[in-house]
Undergrad: 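I am attaching a structure below and will ask some questions about it afterwards.
Chain identifiers are assigned alphabetically (A, B, ...) following the order of the sequence lines, protein sequences preceding nucleic acid strands; residue numbering begins at 1 within each chain.
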Number of protein chains: 2
Amino acid sequence: MPRRNAPFSIIRRLPIYLRILDNLIKKDVDIISSRTLSSRTGFTAEQIRKDLAYFGAFGTRGTGYNTVYLRDKLLKIIGLDKTNHTVVIGSGHLGTAFGRYILMKNPYIRVVGMFDVSNEVIGKKVEGLTIEHIDRLPAVVEEYKVKVAILTIPSAKAQPIVNQLVNSGVTAILNFAPTKLNVPEHVHVHNIDLTIELQSLFYYTVFEEEKDLI
Amino acid sequence: MPRRNAPFSIIRRLPIYLRILDNLIKKDVDIISSRTLSSRTGFTAEQIRKDLAYFGAFGTRGTGYNTVYLRDKLLKIIGLDKTNHTVVIGSGHLGTAFGRYILMKNPYIRVVGMFDVSNEVIGKKVEGLTIEHIDRLPAVVEEYKVKVAILTIPSAKAQPIVNQLVNSGVTAILNFAPTKLNVPEHVHVHNIDLTIELQSLFYYTVFEEEKDLI
DNA sequence: TAGATTGTTAATCGATTAACAATC
DNA sequence: TAGATTGTTAATCGATTAACAATC
């Protein structure tokens, strides 16, 4: 499996293929064509073939892709072929909702810790996992060799925690705090900013209203 | 204000500028340069100037941008210059967390309804707003002329609700259900897929491990 | 005026789409 | 073999970066 520094645009589509393959395999479908994948994803068949071809030749010409084989390849490419640990930092409403969601809906990822500073939530259980004091974070990260962390704490408190995470060996962060995090080059940050997502949608509502007037 | 069908890549950056301007104005800063905005956002100064120039000439050469004036322009461009209503459909853990977040943290957006089908949550209050039965959705959407809806319901139940929303006049949907929604061309859908965001991060952790071996 | 910073045009880069040869 | 579908090369499209003239 030649692992290169693949474009982010491709990487983001792989989990979508993975989810569809999971569903197909559950229904005992053995073979899928790029055309069918296209109708399920909304991406063009050409793009799907090109995405997969970036990592190797996984299909059979004239037939399509074997679902189990392709899923296996995708899991290896993404890096989900072994148990993967993550921690949730910040156990307010948003943090516990995410933690619960991942614990329940993500077959390939395991939450090994949830943390907070507030005595109001520390000790509470989320799907069987006990929320711990944030002082326990470095120990848990090191014990489980956690490489990916989810951040749902206020912007003002984010940077010191991020520094701590990086020092403990975390290399990827899913950041829900609406602030720019400073990290070394080898650490990847994905920002999910609910305000951006929601506000930017309003652009299209105004546009629609104006279109009505034309 | 010439409103065109601006590239989505630009539209998504506008709320970030808006947030920074809000903070600057709070601190009584009158003028900001593209260079300073660059260091705050991580985007290049050239890109920021080009983004803004797409909608008009809002700055002063040799000086920079007036914060209050630019914020005013941005609010008009995005379409946040009037009260903007939204509804949250699906009031499970994720839905109530989002609803609460928007109610508390979004100065320009007002949640006018939260809905669910489960008697366990209907009647509960979230930051003063009572969760209603989903049967009330069309009435609320029409009463408040809601154009933007937030969807946090299971994938299997999403499409019928989306059809209902579109019929009631909604033109933009923030979708957290991990499924492709079918909508008419004039309706915009933003998908936020926590699984994609999280799984795709694991690609970079494997990459890092391999780099260690080189 | 001189220094600073915008707004705009040109060059580059990267991603998507189209076309088709390879091959099951 | 004929039909189907992949994998790959070429063409197009769009977004970002660089350069600089305009102007406060």
Undergrad: Give the nucleotide from the list D:dT17, C:dA21, C:dT16 with an atom nearest to the side chain of A:Arg61.
TA: C:dA21
Undergrad: Below 4.0 angstrom from OP1 or OP2 of D:dG7, is there any side-chain N or O of A:Tyr65?
TA: yes
Undergrad: Output the single nucleotide from C:dG7, D:dT9, C:dT5 whose closest atom is nearest the side chain of A:Lys50.
TA: D:dT9
Undergrad: May I ask you to test the B:Lys180-A:Thr41 pair for a side-chain heavy-atom distance under 4.5 Å?
TA: no
Undergrad: For C:dT16, does either OP1 or OP2 sit under 4.0 Å from a side-chain N or O belonging to A:Arg49?
TA: no
Undergrad: Checking A:Ser33 against A:Thr36 for the side chain to side chain donor-acceptor pair (under 3.5 Å) test, could you report, in this order, the C-alpha distance in whole Å, the side-chain angles of both residues, the deciding distance, and whether it holds?
TA: CA-CA 5 Å; A:Ser33 70; A:Thr36 315; 2.9 Å; yes
Undergrad: Report yes if at least one side-chain N or O of B:Thr60 is closer than 4.0 Å to OP1 or OP2 of C:dT6; otherwise report no.
TA: no
Undergrad: Under a 4.0 Å N-O cut-off, is there an ion pair linking A:Lys76 with A:Asp72?
TA: yes
Undergrad: Going by heavy atoms in the side chains, are B:Asn84 and B:Tyr108 under 4.5 Å from each other?
TA: no
Undergrad: Starting the side chain at C-beta, find the nucleotide from D:dT5, D:dT16, C:dT16 nearest to A:Arg13.
TA: C:dT16
Undergrad: With both distances kept under 3.5 Å, what pairs with D:dA22, Watson-Crick or G-U wobble?
TA: C:dT5
Undergrad: Can you identify which nucleotide, out of D:dT17, C:dA18, C:dT16, has its nearest atom closest to the A:Glu46 side chain?
TA: C:dA18
Undergrad: Would you tell me if any nitrogen or oxygen in the side chain of A:Thr63 comes within less than 4.0 Å of OP1 or OP2 on C:dC24?
TA: no
Undergrad: Does OP1 or OP2 of C:dT17 have a side-chain N or O of A:Thr44 closer than 4.0 Å?
TA: yes
Undergrad: Name the pairing partner of C:dT16, where a pair is Watson-Crick or G-U wobble with both distances under 3.5 Å, or state none.
TA: D:dA11
Undergrad: From the list D:dG7, C:dT5, C:dT16, which nucleotide is the closest neighbour of the side chain of A:Ser9?
TA: C:dT16
